[in-house]
Amino acid sequence: MKLAGETEAVIIGIIASGIRLATPVLFAGLGEKIAERSGILNLGIEGMMLMGAFGGFIGTYFTGNYVIGILLAMASAGILAVLKGFLSITIRTNQLAAGLAIWLLGTGLAALLYRLTFGVRTAAPSVELMPKIDIPGLSNLPGIGPILFNHDPLVYIGFLLVPLTYIFIFKTNLGLKIRTVGENPKQADALGVNVYKIRYLAVIVGGALAGIGGAYYSLVQTGYFLENITGGAGWIALALVIFGRWKSQWILVGALIFGMVDAFQLGLQALGTTLPYQFLLMLPYLIPIAVLVGLYKRTGAPAALATPYVRGER
Amino acid sequence: MKGITIKFGDVVANNNVDFDLLKGEVHGLLGENGAGKTTLMSILYGLYQPNAGEIIVKGEKTTIKSPNDAMELGIAMVHQHFLLTPPHSVTENIIVGLKSRGLFLDLASAEKKILYLAEKYGLKIDPKATIADLAVGEQQRVEIIKALYRDIDILILDEPTSMLTPQEEKALFATLQSMVKQGLSIIFITHKLHEVMEASNRVTVLRGGKVVGTVKTSDSSESELAKMMVGRSIIESVEPKASAKNPAILQLKNVSALNNAKVKFLKDLSLELRKGEILGIAGVDGNGQAELAEVIAGLRKVQSGEIIMDNTAITNAAPRKIREWGLAYVPQDRLNTGLILDYSIAENLILDRWYKDEYSGKIFLKQEKMKEFAEKVVTDFEVKTPGINVPVNSLSGGNLQKVLMARELARNPKVLVVHNPTRGLDIGATEYIHKQLVKQRDNGVGVLMISLDLDEILTVCDRLAVIYEGKIVSVMDRRDANVDDIGLMMGGKVAVASEGKK
């Protein structure tokens, strides 16, 4: 009986930590979804997340206030998004190349600014981890309580964003404009929608959400800023958007699979197995993609994705 | 619009054009391709800025800098190529970009207004339908409602009938009448005479960027307008030849093939082309015409059935082999499939024969032979060009098509497949191409002409077949052809039409 209770606790622990590991990918994926719906393909998410991780860390480190940290994370990633917008919307460079440039820039810039701020120290500076908030009444439910209602605020916000981004894209006037700009910018322009403005807005919102995703690593998971702390989460988010057919619910599914597999393999590593740990580390990146590819249907891509708009061109 | 002049580079697209539209009229704007009709209307719609001239709307002089300005003045334009978002609903397409009061989409009240407008003007539409599921005629109705929804006074229609069946065309004209009755004014751009005669109150004719004249439709006639439009009489009909006794040169037997979306698009299609005839394929765009041309040319896989050319089975043979056996093919997309725009005339002309000893040495191409061939073609086909080494993208549409035709005809084919051979060409070039086709026919070549332009088919072909949803629904001699019946068949009403006849 006691053994059964322990197994249950382990399973609950893995699922709960899976949800936490899924959250940053979810933020980045939902943000990228909005950008891509407007026709902007952003390969630079990873760089934006790293800038978010850095911005969130210093904001919180110097003020002790998580809200300021998160706002700074959104702003740091948002600045890169403005640059991405300038490259892809205003001067219409190749969107793939612009995205890769943003990734490299974000990676390097975050590391450089961190060194400039803190120099080289023997003990890395740290912040206290963001506290958990129990949802009163619900967090004590057996099983479900610890899995769903015993998390930091960003988990709740991230999961709320799933229906909210859906409603935003499909039920609001602005969402319709974003979709039309991503499908047929010429039509949008002819009807008086400012294609450039909408695209800037979408790419900046996407960048800000990626920034929150990045800050999750420094503020919730570790309490430190490290180079490449996001570990490829931006790339996973990008893949989830495409294989999740630009739909919030599928991005959530993909992010959860990523988080669960990651939690599971971390658990396995802790228990010690004969499998090489490199193999285990690969799993969270491989399995969600494999699952979504299996579900993949060749529909849903915004028709004008990665296509710059030039007024008056046929 | 007074004294409108606009230049693109050295080309004067509109030269001192005066145009006036009265309230409550349908005004036809008639002219050949390239006469400047669409340019003039694009100025009115704010897409281009004129170099000179002024625009006066409802008595006030205005400048229209963007479609937004135009819409604020109550001017809307339905483009020849629709501006719709296929995955979105009818309502979403109509309301996008409107100044909205709330944060959320108010689809319910928008749908109500759409249904009200639909009722008022006789435009049947389901506001919840997805654009991708609608036929072309229905999509056009969405475009018109999109304009009406914005409370306009002036509606510009650019070649509105180019993709419609004759029946859809009639419905459109009825709608125009009901809109005019409600006080709207309509400008109707076209190059088809019978349409202005049928649908307009007055006509302005443009030629070469200048106004030839504005006349009341009731005081004019088709032949008078035709003279104004081209400066001479229109294309003469070619006398059809009886070909019933000629042996078959190309046969398709129960051919099925998939389209690009992997849907079975040609369905057990059977067809016989005889020596020394021009067989026209009539139909609304997207009923399998492109797929038909491509299976014959070996560019699309045949799923079942067979194709026989001159007693040789060519089903799924390599394109080069099929061509070696006697096929020449002029694809509809001359810019991308037919020619390589950055290559010179001489290079384009040997695209299908560069590997032959005649042009190909051990390592290098034989430049002298290429030059000889190209110069001969340029002379024989009267291609207007500064030289044989200029890239073909510097040529005009008509001359491009001549180069393409020349390359194909130089093969001395047994079968010639041409797809929309004169689309976008002016009358002179069109006549030239038609003459070439007739010459091939008289030399015993079997010519298969797939064309969206029913008038063209009725002008040139000896026999014609109607294609609908991947099947040939009827084959007839041109002498027996009746436009109304063909129109019904093009719209899929074959059973009714043929039974009615019997």
Side-chain angles (χ1 to χ4, degrees), chain A residues 33-34 36-39 163-199 201-202 205 242 244-248 250 296-305 307 309-314, chain B residues 8 38-39 42-43 45-49 65-73 75-89 91-108 110 130-132 139 142-143 146-147 149-150 152 156 158 260-262 335:
Chain A
K33 177 193 105 152
I34 292 171
E36 290 195 17
R37 282 278 182 184
S38 82
L164 287 181
T165 50
Y166 168 82
I167 292 167
F168 173 62
I169 288 293
F170 285 101
K171 304 286 176 192
T172 67
N173 285 303
L174 189 54
L176 177 60
K177 283 183 191 166
I178 291 177
R179 277 186 290 145
T180 305
V181 163
E183 294 281 350
N184 191 348
K186 219 173 155 180
Q187 177 192 6
D189 193 24
L191 293 177
V193 176
N194 187 332
V195 174
Y196 303 123
K197 200 172 101 186
I198 294 287
R199 285 190 164 173
L201 181 82
V205 169
I242 292 166
R245 279 166 277 154
W246 297 268
K247 297 221 159 73
S248 295
W250 288 110
Y296 189 60
K297 287 184 205 132
R298 192 173 269 282
T299 52
L305 185 60
T307 316
Y309 178 66
V310 193
R311 176 179 274 182
E313 205 176 61
R314 278 161 201 260
Chain B
F8 296 108
T38 304
T39 307
S42 298
I43 292 171
Y45 191 56
L47 291 169
Y48 302 131
Q49 300 307 311
K65 289 205 184 102
S66 71
N68 243 350
D69 291 356
M71 268 183 291
E72 266 171 33
L73 288 166
I75 302 170
M77 182 160 173
V78 173
H79 298 265
Q80 190 176 359
H81 303 285
F82 300 149
L83 288 175
L84 295 169
T85 304
H88 292 179
S89 76
T91 308
E92 286 177 328
N93 267 281
I94 289 172
I95 63 170
V96 66
L98 284 173
K99 298 232 158 41
S100 50
R101 263 152 281 151
L103 170 67
F104 292 98
L105 287 172
D106 187 358
L107 292 178
T130 302
I131 296 293
Q139 295 193 10
V142 177
E143 281 280 17
K146 197 164 90 184
Y149 199 98
R150 288 163 168 76
I152 49 145
I156 306 165
D158 189 1
N260 290 344
K262 306 277 177 230
L335 302 182

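Throughout, protein chains are lettered first and strands after them, A, B, ... in sequence-line order, and every chain is numbered starting at 1. As the structure is a computational prediction, the values presented were derived from the model and not from experiment.
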*Any idea which of L176(A), N184(A), T180(A), N194(A) has the most non-hydrogen atom pairs under 4.5 angstrom with chain B?*
L176(A)

*asked:* Report which part of A190(A) has an atom under 4.5 Å of a heavy atom belonging to chain B: side chain, backbone, both, or neither.
replied: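 Answer is both: backbone and side chain atoms of A190(A) are under 4.5 Å from chain B.
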
*Could you look at F168(A) and say if it's the side chain, the backbone, both or neither that has a heavy atom under 4.5 Å from chain B?*
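F168(A) has no heavy atom closer than 4.5 Å to chain B.
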
*asked:* At a heavy-atom distance under 4.5 Å, which candidate from N93(B), I95(B), L98(B) has the highest pair count against chain A?
replied: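 The residue among N93(B), I95(B), L98(B) with the greatest pair count is N93(B).
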
*Return the option, out of D106(B), L103(B), L105(B), with the maximum number of heavy-atom pairs under 4.5 Å with chain A.*
L105(B)

Could you tell me if the side chain of [Y] sits less than 4.5 Å from the side chain of [X], heavy atoms only?
X       : Y       : value
L191(A) : K146(B) : yes
H88(B)  : Q187(A) : no
T85(B)  : R179(A) : no

_Distance-minimising heavy-atom pair for F104(B) and N173(A)_ =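 Of all heavy-atom pairs spanning F104(B) and N173(A), the closest is O-ND2, 3.3 Å.
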
